[in-house]
A.B. asks: 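Would you mind keeping the following structure in view while I ask a few things?
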There are 2 protein chains.
Amino acid sequence: MTSIEDVAVATGVSTATVSRALRGLAGVSEGTRARVLSAAQELGYVPSSAASGLASGRTMAMGVLLPSIERWYFSAVLEGVDRQLRAAGYDLIVFSLGGRGANRERVFHRSILRKRIDALLVMCMELTEEEHRSLRELESPTVVVGGSVQGVRHVGIDDRVAVRDAVEHLISLGHTKIGHVRGSGSDGLYFEVPRIREESFLETMASRGLPVRSEWCVFGDFRFNESKHAVTQMLSTVAERPTALFCSSDEMAFGALTAATELRIRVPEELSVIGIDDHEFAEPMGLTTVRQVPEEQGAFAADLLLGELEGRTPLQCPPTQPHTLVERASTGPAPS
Amino acid sequence: MTSIEDVAVATGVSTATVSRALRGLAGVSEGTRARVLSAAQELGYVPSSAASGLASGRTMAMGVLLPSIERWYFSAVLEGVDRQLRAAGYDLIVFSLGGRGANRERVFHRSILRKRIDALLVMCMELTEEEHRSLRELESPTVVVGGSVQGVRHVGIDDRVAVRDAVEHLISLGHTKIGHVRGSGSDGLYFEVPRIREESFLETMASRGLPVRSEWCVFGDFRFNESKHAVTQMLSTVAERPTALFCSSDEMAFGALTAATELRIRVPEELSVIGIDDHEFAEPMGLTTVRQVPEEQGAFAADLLLGELEGRTPLQCPPTQPHTLVERASTGPAPS
DNA sequence: CTGAAAGCGCTAACAT
DNA sequence: ATGTTAGCGCTTTCAG
């Protein structure tokens, strides 16, 4: 590998000057900079991140800790994070717990703390007190994306209001018999979001004086398949059917939609379905939903962290991210 | 930060011994090792990856270069890669081109080559000759996952055969009027797979003496929405409809399914639909498809690379990954 | 089995 | 504007 030394020799300057020139620092004459640049180019020189990281204390990499990569929300956030990071010349290191929390300790110690990252973005999970302390000692700025977590600032929509908007949309269409398809965090990894969504559903119903029937509330595990089964089961056994279903995520709403189709229950004439997310499939499936844009959330969070790494003053309370009701064909007036 | 020096002092041994003890190398008495371990534990010592990377030349990180994170196949592969890496104590660095190939040069030089990774897994895209050379100089083992690429070994299914299996399944059901929903790589990032799938469709049809009608072949861009529109358009304008549709991916098959539903075309009575992938939604949507398991492919590729990093002899031709036809409700006998 | 010492390749004062 | 000089924290010969 060609090192900074080689470039220095080739240009006839010191390594310090090469370093300065390459990083665009002030205090290098234009002539020298040009010669350094071309020599570096010529030699195919690429600085070693390990060496510069060791010397400068900055790794130019950011970590993202998440429960799993594959879920729509997570990969979308990742996409947004990556976009900003790439633009800023930072690398993205992914720490996935792969659905299980078991190896979490190892992830944290063997990876995150190894001075490999300058900042950490945590997706929808709580850090233990000890993990927090470790990060504070490392002085790595941290932010949570997606689910509010006590004591840590977070970037995300206001789930409470988003749910209320969804449910009130149903109510405004005349629905009173409203069921709920809820999720939960696998292994308690991101339990906050499903909980808040359920609470808000109950609150909104209560505030409108509408009863909630427990047989209309089923568990869809944030998944299409689970939701489809649960909803099928519910719709085909219950004495009286709900006229609308609020689903805590679009994927579960897809399940509800599919269940309805298979049971020959017309949507929205007999059953309205609303979700949350605006998943890529929501539009083609005609699903009414509350849109959130995870990619933007990820980008926002990444920018926030990036800003702090560049010395901007820490933002203690990032602004709430926007959500919007998107009306499509899956909701309609309650049957009379 | 507590350094190896601190641990050495606390234990009363040299840093060299601490290093050996912590890494489990031979030549350290059990007593010493135990004392070192407990001191390290006590002090909360975590080795710096930059320092050890610089000194040893191994970063304990692997890179994954992909066109975008969010597409199902990519994130699923990533999940598999991460699983194996995590188990081996390696970190995962993600280089996403974010759909556009523009910043590719920068990604490569500013990131990949910066001695930040020990090996590179490339997803579905070709490396330029120069990129290859760079990696060879770095001596980083490389492998491509998902689409065969000339001159580089790759891990993936045999797309040609997979497509043939799908199409022959339709033919065996008596279909002769078969259409195709094809994809393509965005910006030529992963053009190989869609091309092979299309070719194989044509070949299979030809080999059975079946004509291919160009008006039945539409472009779905590997997406639900595009596919739905294209299929809707096609089915509602064509003089005679096909009785079956082979879709180059499940997501496009979902689009076809949805299009059919909206047009009140019964599946599979009037139209059979088959995809490729076995996407998470395929089962609940009742889609017949050819299953591939990207997570396993990613894990396999990661293992392959990991093995070489540990000195196992390079595998020039990784075995073809398996695919299986999964029959569900979306395919049935051709209408008579 | 353990220690001393020489770097790995770069950055960051401090000089000039 | 540029060079000198120390390290950054670890690994790795080479001795003992």
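Below, chains carry the letters A, B, ... as their sequence lines are ordered, and counting in each starts from 1. Keep in mind that this is a model prediction, so the values were computed, not measured. Atoms considered below: every heavy atom in the structure, side chains included; atoms not considered: hydrogens, waters and symmetry mates.
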A.B. asks: Please tell me if A:S29 has a side-chain N or O lying less than 4.0 Å from either OP1 or OP2 of D:dA1.
C.D. replies: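 Answer no for this pair, as no side-chain N or O of A:S29 is under 4.0 Å from OP1 or OP2.
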
A.B. asks: Looking only at side-chain N and O atoms, does A:S19 come under 4.0 Å of OP1 or OP2 in C:dT11?
C.D. replies: yes

A.B. asks: Starting at CE of B:M60 and ending at P of D:dG9, how long is that distance when rounded to a whole Å?
C.D. replies: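 Going from B:M60 (CE) to D:dG9 (P), I get 21 Å.
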
A.B. asks: Below 4.0 angstrom from OP1 or OP2 of D:dG3, is there any side-chain N or O of A:S14?
C.D. replies: yes

A.B. asks: Salt bridge or not for B:K115 and B:E139, using N-O below 4.0 Å?
C.D. replies: no

A.B. asks: Side chain of B:A55: nearest nucleotide among C:dG3, C:dG9, C:dG7?
C.D. replies: C:dG7

A.B. asks: What's the CD-P distance between B:E30 and C:dT2, to the nearest Å?
C.D. replies: 10 Å

A.B. asks: Between A:S52 and C:dG9, is there a contact of a side-chain N or O with OP1 or OP2 at under 4.0 Å?
C.D. replies: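 For C:dG9, neither OP1 nor OP2 has a side-chain N or O of A:S52 closer than 4.0 Å.
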
A.B. asks: Select one nucleotide: of D:dA1, C:dC8, D:dC10, the one nearest the side-chain heavy atoms of A:T32.
C.D. replies: D:dA1

A.B. asks: Check whether the side chain of A:R20 and the base of D:dG3 form a donor-acceptor pair under 3.5 Å.
C.D. replies: yes

A.B. asks: Let me spell it out: for each of A:G12 and B:A16, pick the nucleotide of DNA chain D with the closest heavy atom. Which residue's pick is nearer the 5' end?
C.D. replies: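 Its nearest nucleotide being more 5', the pick is A:G12.
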
A.B. asks: Using a 4.0 Å cut-off on heavy atoms, which residues in residues 34-46 of chain A reach DNA chain D? List them by number, or say none.
C.D. replies: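 Listed by number, there are none.
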
A.B. asks: How close or far is atom P of D:dT2 from atom CG of A:L25, stated in whole angstroms?
C.D. replies: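 It works out to 13 Å between those atoms.
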
A.B. asks: Start at the 5' end of DNA chain C and walk down; is the nucleotide closest to B:R33 or to B:A51 reached first?
C.D. replies: B:R33

A.B. asks: Let's see if you can work this out: which of C:dC10, D:dC10, D:dG3 has an atom nearest to the side-chain heavy atoms of B:S48?
C.D. replies: D:dC10

A.B. asks: Are any of A:R23's side-chain N or O atoms less than 4.0 Å away from OP1 or OP2 of C:dA12?
C.D. replies: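 So the side chain of A:R23 is within the cut-off, an N or O lying under 4.0 Å from OP1 or OP2 of C:dA12.
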
